[in-house]
Amino acid sequence: MLQRLALSSFRNYQQAEFVPGAGVNLVVGDNGSGKSSLLEAIYLLGSGRSFRTSRLQRLVKESAQDAVLFAEVMSHQGVMHRLGMARNRQGFSGLKLDGANVRGLSDLARILPVQAFHPGTVEIVEGPSSARRRYLDWGLFHVEQSFLPLWRQLYTALQQRNRLLRSGRFQHREMLVWDQQVATVSGRISQLRSAYLTALSPHLQAVLGHIGELPEVSISLFPGWPEGEDLQALLAADIEKDRQRGHTGRGAHRAELRLTTAAGPVRDVFSRGQTKTLSYALLLAQLYLLVHGHGGQCLVLVDDLASELDSQHSAAVLAALKDLKQQMIITALSADALPVQAEGNGTRMFHVEHGVLRRLD
Ligand SMILES: Nc1ncnc2c1ncn2[C@@H]1O[C@H](COP(=O)(O)OP(=O)(O)OP(=O)(O)O)[C@@H](O)[C@H]1O
């Protein structure tokens, strides 16, 4: 649970402190006041990414050198952790956990599992296959300890194989080592992904039933090479093609999450509104699996829901989120824009204006 966040020179925040409650937190303010930026800061700490931009240099406040984020986070086991992150326009200039430097963003992500529902969430369905892989791998990272080391092994093997391909000068014996490694690790990653999807599916059906009115959607995995075929043999057979394109064309890095209805692929069948609803349902299903299936916890960020879904669907999504009983931070233009106030007690209210954040209640 996020106990406290301090922001310095982040977007339009000069210095700000945010102390959310354990349940629902509602942050209201006009357009451009800094609501999304607050969520973006939290998401950055828990994932190393922005949910709005790939240009992370824009996160640093104009005229400042470094954006600095600091958070106190109570772990699921009741241990208090201190997370720190500094970013200049070139990249991350410091990552700290409990006062010590850490190398990888994954160390912070383990402590602060965070998921964001925001206008770009629709990319899970509409975007490139990498968006669906990222979705899938976020879930695996948080429920399967062995996933991250495997994923790292795969990327190291691919880097080495691609380097050899591009060098144009390689012994087949040398290539064989990396073919073997890519094939073995891809097989194990694919098994984990398939098992994850099998566990996820009933949660997705339950969520779709709850938020309603969508045709039945099935979810399946293309592992990154033709099902049932020997990946190592395929890599060896494709060597010339791979050499020409300069990278490895088959393996778990090319997996695809397929979303289909009885009438065909979701992308060809669903309206834009249905697509948005499905993308939110996919995230919800993942949270249900994490919380109910694995006893995990997750900080949930909800940005501008009222402008994304109609009132009936946004109420259904919020109800499903509240059922999870996780810490939530929700933004809205005004307090009455979303049905979060109706239950009154327990909701902590904040107002933001020109990067100045204050508690209302
Ligand atoms: N690097 C930066 N330095 C200073 N100001 C910035 C920087 N990046 C963005 N801003 C400004 O920060 C403000 C906050 O934007 P943000 O998207 O957080 O607002 P918001 O409250 O979510 O608005 P909306 O309701 O329109 O989504 C905007 O006015 C934006 O122009």
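In what follows, residues are counted from 1 in the order of the sequence shown. Whatever order the structure lists ligands and atoms in, that order sets their numbers, starting from 1.
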To check you understand the geometry: which heavy-atom pair defines the closest contact between Leu150 and Val185, and what is its length? O-CG1, 3.3 Å
What distance do Leu284 atom CG and Leu321 atom CG have between them, rounded to the nearest 0.5 Å? 5.0 Å
Rounded to the nearest 0.5 angstrom, the CG-OH distance for Leu5 and Tyr13 is 9.5 Å
Look only at the side chain of Asp66 and the backbone of Val68, and say whether a donor-acceptor pair between them is shorter than 3.5 Å. no
Look only at the side chain of Arg348 and the backbone of Val19, and say whether a donor-acceptor pair between them is shorter than 3.5 Å. yes
Provide, to 0.1 Å, the distance between [atom] and the closest protein heavy atom, together with that atom's residue and name.
atom: atom 4 (C) of ligand 1; answer: Arg11 O, 3.3 Å
atom: atom 11 (C) of ligand 1; answer: Asn12 CB, 3.9 Å
atom: atom 3 (N) of ligand 1; answer: Glu62 N, 3.0 Å
atom: atom 26 (O) of ligand 1; answer: Asn31 ND2, 3.0 Å
atom: atom 27 (O) of ligand 1; answer: Ser36 OG, 3.7 Å

Is it the case that Arg110 places NZ or CZ above or below the six-membered ring of Phe141, under 6.0 angstrom from the centre and within 45 degrees of the axis? yes
Can you list the ligand 1 atoms lying under 4.0 Å from a non-hydrogen atom of [X]?
X: Val60; answer: 1 (N), 2 (C)
X: Asp30; answer: 21 (O)
X: Lys35; answer: 18 (O), 19 (O), 20 (P), 21 (O), 22 (O), 23 (O), 24 (P), 25 (O)

Closest to atom 16 (P) of ligand 1 (heavy atoms only, candidates Pro119, Ala332, Ala64, Ser37) is Ser37
Between Gly32, Gly355, Ser9, flag the one that comes closest to atom 14 (C) of ligand 1 by a heavy atom. Gly32
Give a yes/no on ligand 1: does [X] have at least one heavy atom closer than 4.0 angstrom to it?
X: Thr331; result: no
X: Arg52; result: yes
X: Ser33; result: yes

For a quick check under 3.5 Å, do [X] and [Y] share a side-chain donor-acceptor pair by atom type?
X: Gln160; Y: Arg163; result: yes
X: Arg161; Y: Thr248; result: yes
X: Ser129; Y: Arg254; result: no

Looking at atom 31 (O) of ligand 1, would you say a protein heavy atom lies below 4.0 Å from it? no
Look at the aromatic rings of Phe51 and His118 and report parallel, tilted or perpendicular, splitting at 30° and 60°. tilted
Geometry only, no angles: is Leu59 polar-contacting ligand 1 at N/O separations under 3.5 Å? no
Classify the contact between Glu40 and ligand 1 as side chain, backbone, both or neither, using a heavy-atom distance cut-off of under 4.0 Å. neither
